[in-house]
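Each chain gets a letter, A, B and so on, in the order its sequence line appears, and its residues count up from 1.
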2 protein chains.
Amino acid sequence: MKYLHHPDREEIQLSSVLYALSDPVRLFIISEIQRSGERSCGEIDVPVVKSTLSHHSRTLREAGVVHVRVHGTQRLLSLRTEDLEYRFPGLLGSILEAYERTGEKIQ
Amino acid sequence: MKYLHHPDREEIQLSSVLYALSDPVRLFIISEIQRSGERSCGEIDVPVVKSTLSHHSRTLREAGVVHVRVHGTQRLLSLRTEDLEYRFPGLLGSILEAYERTGEKIQ
DNA sequence: TCTAATATTCGATGACAATCGAACAATAGA
DNA sequence: TCTATTGTTCGATTGTCATCGAATATTAGA
């Protein structure tokens, strides 16, 4: 089984997190994950092909936004809520709230 | 005198704001502006040439993050604090606080 | 062991962005 | 009107990214 790298709490960079969340598809993904708590790639309904979704999943993981857990043939994504709150208090919450409020669409 | 376009409050997009603030140089710029309230391009000490700084200024303006006021030969930048707070409550504050806390450097 | 399900990796493509230097524009002040 | 100051625009370069389809890897289950 492959090792998936996740940055350490202290290594998470603000600019990287903001970049990861500046893409409408990725904003949608984290919004979905927040609602369900944990979700596999296949359960996330985005208008891109599998390989593209995998790319977005990797971008979010490497920025420190999500944690990816291997479960059988699935990868379960969850938000790194606590780590982000510890490092950047209030940031994730205000982004998710802003996303819900303004209802920004993909594309 | 040239007309500088600023997006309307309601037109400001979350993903565009996050993208604009995902660059270390631009994070530095808004951090400086916050401290001084208003600042001309020439007063912002960043390690890029004038034309590049002009590009960053434009990116921030078009995303709705800063307001640019023409004053003689200078362009005075200020944060659109109220508009951003109205549209995305708490967002700008948490980003600025995160930037100060973690002391992310340019480069 | 074979097959289906799930996701990643790879290669290609097209778009966009950060950067620079040079040229240009606009304005203040002498 | 001339000059210095302050920024913008333009063209070129270099690099990165979002996207796709095809091929590959991994695991569960029959």
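Among D/dT19, C/dC20, C/dA17, the nucleotide with an atom closest to any side-chain atom of B/Val48 is C/dC20. The listed nucleotides are C/dT9, C/dA18, D/dT8; the one nearest the side chain of A/Arg58 is C/dT9. Residue B/Ser51 places its side chain closer to D/dC10 than to any other of D/dC20, D/dT6, D/dC10. In the set D/dT19, D/dG7, C/dA7, the nucleotide with an atom closest to the side chain of A/His56 is D/dT19.
For the pair A/His55 NE2 and C/dG11 P, the interatomic distance rounds to 17 Å; values are reported in whole Å. Protein atom CG of B/Leu4 is 12 Å distant from nucleotide atom C1' of C/dA26, rounded to whole Å. Rounded to a whole Å, the CZ atom of A/Arg75 is 13 Å from the P atom of C/dT6. Regarding A/Phe28, its CZ atom lies at a distance of 18 Å from the C1' atom of D/dA18, rounded to whole Å. Summarising the geometry, the separation between NE2 on B/His71 and P on D/dG7 is reported as 12 Å, rounded to the nearest angstrom. For B/Leu76 and C/dA26, the CG to P distance is 19 Å, given to the nearest whole Å. The separation between A/Lys50 atom NZ and D/dA25 atom P is 14 Å, rounded to whole Å. Between B/Tyr3 atom OH and D/dT9 atom P the separation is 14 Å, expressed in whole Å.
Of the possible polar contacts, one joining the B/Glu104 side chain to the A/Ser15 backbone as a donor-acceptor pair under 3.5 Å is found. The backbone N or O of A/Glu97 lies less than 3.5 Å from no partner atom in the side chain of A/Glu100, so there is not a single donor-acceptor pair. Here the side chain of A/Arg87 pairs a donor or acceptor atom with the backbone of A/Ile12 at under 3.5 angstrom.
Residue A/Thr73 places no side-chain N or O under 4.0 Å from the OP1 or OP2 atom of C/dA4. Distances shorter than 4.0 Å separate some side-chain N or O of B/Arg26 from OP1 or OP2 on C/dA18. Contact annotation: A/Tyr19 side-chain N/O to C/dA17 OP1/OP2 distance is not under 4.0 Å.
Between B/Thr52 and A/Asp23, the residue whose closest nucleotide on DNA chain D is further toward the 5' end is B/Thr52.
Taking the ring centre of B/Phe88 as origin, the terminal cationic atom of A/Arg101 falls outside the region bounded by 6.0 Å and 45° from the ring axis.
Judged by atom type and distance alone, B/Ser54 does not reach the base of D/dG7 through any side-chain donor-acceptor pair under 3.5 Å.
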Practice item. Just do the side-chain hydrogen bond (donor to acceptor under 3.5 Å, both in side chains) check on A/Glu10 and A/Tyr86 with the steps written out, would you? Key: CA-CA 9 Å; A/Glu10 305 288 350; A/Tyr86 168 84; 3.1 Å; yes
